[in-house]
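The shown structure was predicted, so the numbers you read here are calculated from the model rather than taken from an experiment.
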Amino acid sequence: MRLNPFDTDNIDVRSSKGGRFPGGGAGQLGCGTLILAGVVSLLFGTDLGQTIAVFETVDQATNGSGQAGGQTVSTDEQAICTSSQYAREACSALDSLNATWEPVFDRAGIAFAPPSLDLFEGSVSTQGCGSATAAVGPFYCPNDQDIYIDTSFYDTMERELGAGGDFARLYVVAHEYGHHIQTLTGLAGQVRSAQQQNPSRANQLQVRMELQADCYAGVWAGKNRSQIEEGDFEEGMRAAAAIGDDAISERMGGRVSPENFTHGTSEQRMEALRLGMRSGDDTVCDRYFAPESF
């Protein structure tokens with residue numbers, strides 16, 4: 001995908017290099033929670049706040065500084081965004097996503113605020129979703145409205161999932177941005193409330209969240225179809241197929257249990273991404289939350 005070069009005036013980017021996690025303290029996830037969240041979010045595409053909400057095991061309070069012990073944070077956006085090919089792609093994607101979605105919100109009369117992007121290494125502490133390691137994969141924290149990505153995950157995508165290519169990597173950022181859209185519109189809060197009120201439907205609602213985020217990722221690509229290159233669509237489909245709940249279950253040697261799905265099947269994820277890309281119209285993604293969904 002031929003994205004325009006990023007403009008640091010249009011994006012909010014930082015880089016975190018994690019040290020040890022502090023012992024105890026509010027806002028830090030327990031190791032058991034992180035393992036569960038990592039399995040559920042495997043491999044990419046999760047709103048960590050939503051994932052943790054399913055298990056109801058996280059204290060949403062933040063610690064004083066919101067930083068893990070030993071963590072260093074850089075806010076030199078130019079240096080961060082030019083540090084690697086992956087970083088440059090992520091920054092360019094964020095710039096494009098902001099430029100694409102802000103007019104949509106303006107037309108709808110909804111206040112728009114772009115998310116921040118944290119390209120972390122090793123581990124990171126969020127402002128409200130606790131601490132996480134790279135094993136959790138890319139995630140979005142609704143409490144601080146940040147997208148967190150350890151770019152080494154892109155090598156895992158290509159090496160272990162066969163989901164390489166620039167568009168597959170851009171899909172990661174665009175999907176997490178989809179969760180930000182759900183936060184700004186208030187949908188994420190409604191879903192979280194519905195999950196808490198009816199835990200038996202938590203997974204079902206979570207699947208809808210993930211598929212809608214896939215659809216929003218596709219809408220972004222569809223609205224920028226002039227920048228799509230040959231092979232991009234196929235890269236997106238391979239990535240979506242690789243991260244379906246059924247594909248992940250089979251890869252991990254477990255039994256495919258639809259009642260435990262949290263992200264949707266490979267076919268569902270491909271369909272959602274395809275739907276958004278072909279239409280380029282964000283309203284098509286409303287189908288995942290018809291009134292009867294709640």
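Not counting sequence neighbours, the partners of Arg278 by the side chain to side chain contact (heavy atoms under 4.5 Å, CB included) test are Phe233, Arg274. Contacts of Ser152 classified as side chain to side chain contact (heavy atoms under 4.5 Å, CB included), with partners at least two apart in sequence or in another chain: Asp150. In this view, Thr283 and Asp281, Asp286 satisfy the side chain to side chain contact (heavy atoms under 4.5 Å, CB included) rule, not counting sequence neighbours. Residues satisfying the side chain to side chain contact (heavy atoms under 4.5 Å, CB included) criterion with Arg238, sequence neighbours excluded, are Glu234, Glu235. By the salt bridge (Lys or Arg N to Asp or Glu O under 4.0 Å) test, Arg14 is found to be paired with Asp118, Asp146, residues two or more places apart in sequence or in another chain being considered. Applying the salt bridge (Lys or Arg N to Asp or Glu O under 4.0 Å) test to Glu271 and every residue at least two apart in sequence or in another chain returns nothing. Every residue was checked against the side-chain hydrogen bond (donor to acceptor under 3.5 Å, both in side chains) condition with Ser92, not counting sequence neighbours, and none meets it. For Glu230, the side-chain hydrogen bond (donor to acceptor under 3.5 Å, both in side chains) criterion is met by no residue, not counting sequence neighbours.
A distance-only check finds no donor-acceptor pair linking the side chain of Asp95 to the backbone of Phe6 [under 3.5 Å]. Side-chain N or O atoms of Asp232 include one that pairs as donor or acceptor with a backbone N or O of Met1 at under 3.5 Å. Side chain of Arg225 to main chain of Gly222: a donor-acceptor pair is present (N/O by atom type, distance under 3.5 Å, no hydrogens or angles). Within the 3.5 Å criterion, the main-chain N or O of Pro115 finds no donor-acceptor partner in the side chain of Gln145. The main-chain N or O of Ala113 is found under 3.5 Å from a side-chain atom of His180 such that the two form a donor-acceptor pair. Panel note: side chain Arg208, backbone Tyr288; a donor-acceptor pair is recorded below 3.5 Å. With hydrogens and angles ignored, the 3.5 Å screen pairs no side-chain donor or acceptor of Ser96 with any backbone N or O of Ala93. Of the possible polar contacts, one joining the Ser15 side chain to the Leu119 backbone as a donor-acceptor pair under 3.5 Å is found.
Among residues at least two apart or in separate chains, disulfide (SG to SG under 2.5 Å) pairs with a member in residues 78-123 are Cys81-Cys91. The disulfide (SG to SG under 2.5 Å) analysis of residues 192-243, with sequence neighbours excluded, yields the pairs Cys215-Cys285. Within the structure, the salt bridge (Lys or Arg N to Asp or Glu O under 4.0 Å) test picks out the following pairs touching residues 163-175 (sequence neighbours left out): Glu89-Arg169. For the salt bridge (Lys or Arg N to Asp or Glu O under 4.0 Å) condition, no pair includes a residue of residues 103-114, sequence neighbours left out.
For the atom pair OG1 of Thr185 and OH of Tyr216, the computed distance is 5.5 Å after rounding to the nearest 0.5 Å. Between the CG atom in Leu275 and the CD atom in Gln212 there is a gap of 11.0 Å [rounded to 0.5 Å]. Once rounded to the nearest 0.5 Å, the distance linking OH of Tyr177 with CG of Leu94 reads 6.5 Å. The NZ atom of Lys17 lies 4.5 Å from the CD atom of Glu121; values are rounded to the nearest 0.5 Å. Distance check, rounded to the nearest 0.5 Å: OH of Tyr86 to CD1 of Ile149 gives 12.5 Å. Separation of atoms CG (Asn203) and CE (Met209) is listed at 13.0 Å; rounding is to 0.5 Å.
Side-chain contact between Arg269 and Leu211: present, with at least one pair of heavy atoms (C-beta onward) separated by less than 4.5 Å. Side-chain contact between Trp101 and Leu184: absent, with no pair of heavy atoms (C-beta onward) separated by less than 4.5 Å. Looking only at side-chain heavy atoms (C-beta outward), Asp12 and Glu77 come within less than 4.5 Å of each other.
Residues Thr82 and Gln78 have side chains that never bring a donor and an acceptor to within less than 3.5 angstrom of each other. Residues Glu210 and His175 have side chains that bring a donor and an acceptor to within less than 3.5 angstrom of each other.
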